[in-house]
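In each ligand, atom 1 is the first atom listed, and ligand 1 is the first ligand listed. If you read the sequence from its start, that first residue is 1, and numbering goes on from there.
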Amino acid sequence: MTLTQEFDTIAAISTPLGEGAIAIVRLSGTDALKIAQSVYKGKNLAQVASHTINYGHIFEEERLVDEVMVSVMRAPKTFTREDIVEINTHGGIAVTQEILQLLLRNGARLAEPGEFTKRAFLNGRIDLAQAESVMDLIRAKTDKAANIAVKQLDGSLSKMINNIRQDILESLAQVEVNIDYPEYDDVETMTSQMLLEKTAHFEQLLENLLSTAKRGKILREGLKTAIIGLPNVGKSSLLNQLLREEKAIVTDIAGTTRDVITEFANIGGVPLELVDTAGIRETDDLVEAIGVERSKKALAEADLVLLVLDASLELTDKDLELLELSKNANRIVLLNKTDLPEKLDINQISGDFIRISALKNENLSAVEEKINQIFFAGEIEAKDATVLSNARHISLVEEALKALKEANNGLALGLPVDLIQVDVTRCWQLLGEITGEAAPDELITQLFSQFCLGK
Ligand SMILES: Nc1nc2c(ncn2[C@@H]2O[C@H](COP(=O)(O)OP(=O)(O)OP(=O)(O)O)[C@@H](O)[C@H]2O)c(=O)[nH]1
Ligand SMILES: [Mg+2]
């Protein structure tokens, strides 16, 4: 077990700034109780039982600042493994700030963003992947994303990574033993053979983990979805329907949307980053022309494309161009305005399409279903499956996999075992960066600085 390191006492407001029923000012460190006591009148905090909440008042000298409840949690059974005091105030911005300032004047230091979680990490309470999941949980935009984060907080990814690393370490040790104490003449061949079996197995494990990454990343960051089409086909109307809100301006004037509008929607648990674009057409209008260029860019960058066609009109060359342009993308073709008589010739469209009316809110559920189908097709809602969702973790696993592949190539080429060892060791180290066991200090500092204040 890691021994708790000694740090100074930090303080921060741990609830969002703004008016609320309560706000929490948090202290962590050796002097947390002493500093809290210096501004608090009520009980003797040094004597109250751990994990209790205590009524009292905050004073600045003789002036009453607020009536509060003070939670006392003694080390080591706390988030940071240090003494923690949480002062529950009455939520006003001014009062909460004032209490924080009082604590700072009485010996606490203002916490850096993420410093509480960093201490939890440094004191061995959680590993790096778990610390990151705290951040992911805060930022989670849907239930499913939050589920992944919670599971990671629980340590399932860390456990898996640690198991693989342990296996790798044992294989490396075995190689050492074989080389140092050769029992057979063909020790080199035998060791290569053993390593090959092992590395192939590790490769499979990492491949499996990586295959969960795409879905994990989408759940975490949202699926970039571009709504494209000619002017006036109903793109903004569709956006508004999917958002269930009048976010974009809708008029019967072609060229209403002149710039890209980005909004976030939760479609049956799939978070979409919806991008409404300016209708794509030739135009002399400079502003619109720039908008059109951006639309093309949005199309190129999108994970999913919703191509809207006006079913009440015949298809134009421009429509066909867009169909062609998006044909290799992950695309859903929507025939809009089906409340009007249909003039569009569906034989000109290859592949699937969905008929909708954005104006009358007809058949939008089919669009939502389709989106879900695309991204959860055949996926069992495996409750206990470990999903890779964090960009940093994904790239580390990719690199670790690369190192393993190099090891495999080397083995196939008959390179000496000690050269192979280098690649396998590298794989082991890269995986260690995920949990923080092999993470450089700068990385740790940089990671925690992305947290919000008070976390
Ligand atoms: N009848 C009918 N009209 C629709 C439907 N969807 C949109 N409209 C109308 O079509 C016109 C254009 O709609 P918008 O949503 O602004 O179209 P857009 O594609 O965003 O247009 P630009 O921003 O100009 O590119 C508006 O008058 C809408 O009310 C529909 O399903 N049926
Ligand atoms: Mg529009």
Check whether any side-chain N or O of Asn363 sits under 3.5 Å from a backbone N or O of Ile354 as a donor-acceptor pair, and report yes or no. no
Backbone of Val68 reached by a side-chain donor or acceptor of Asp66 within 3.5 Å: no
Would you say that more than 12 heavy atoms from the other residues, nucleotides or ligands in this model lie under 6.0 Å from the CG of Asp345, or not? yes
Neighbour count above 12 (heavy atom, 6.0 Å) for Arg426 CZ: no
Could you tell me if Ser237 and Asn240 have a donor-acceptor pair between their side chains, going purely by distance under 3.5 Å? no
How about Arg26 and Ser14: does a side-chain donor come under 3.5 Å of a side-chain acceptor? yes
Per the side-chain hydrogen bond (donor to acceptor under 3.5 Å, both in side chains) rule, which among Asp127, Thr435, Asn163 passes with Ser158? Asp127
Run Leu364 and Leu238 through side chain to side chain contact (heavy atoms under 4.5 Å, CB included) and show every step you take. CA-CA 9 Å; Leu364 277 133; Leu238 174 67; 3.4 Å; yes
Are any of the side-chain nitrogens in Glu115 or Lys118 under 4.0 Å away from the carboxylate oxygens of its partner? no
Give every protein N, O or S atom lying under 2.8 Å from the Mg ion (ligand 2), naming each by residue and atom. Ser236 OG, Thr257 OG1
Can you pull the residues with any heavy atom under 4.0 Å from ligand 1? Pro231, Asn232, Val233, Gly234, Lys235, Ser236, Ser237, Val250, Thr251, Asp252, Ile253, Ala254, Gly255, Thr256, Thr257, Gly279, Asn336, Lys337, Asp339, Leu340, Ser357, Ala358, Leu359
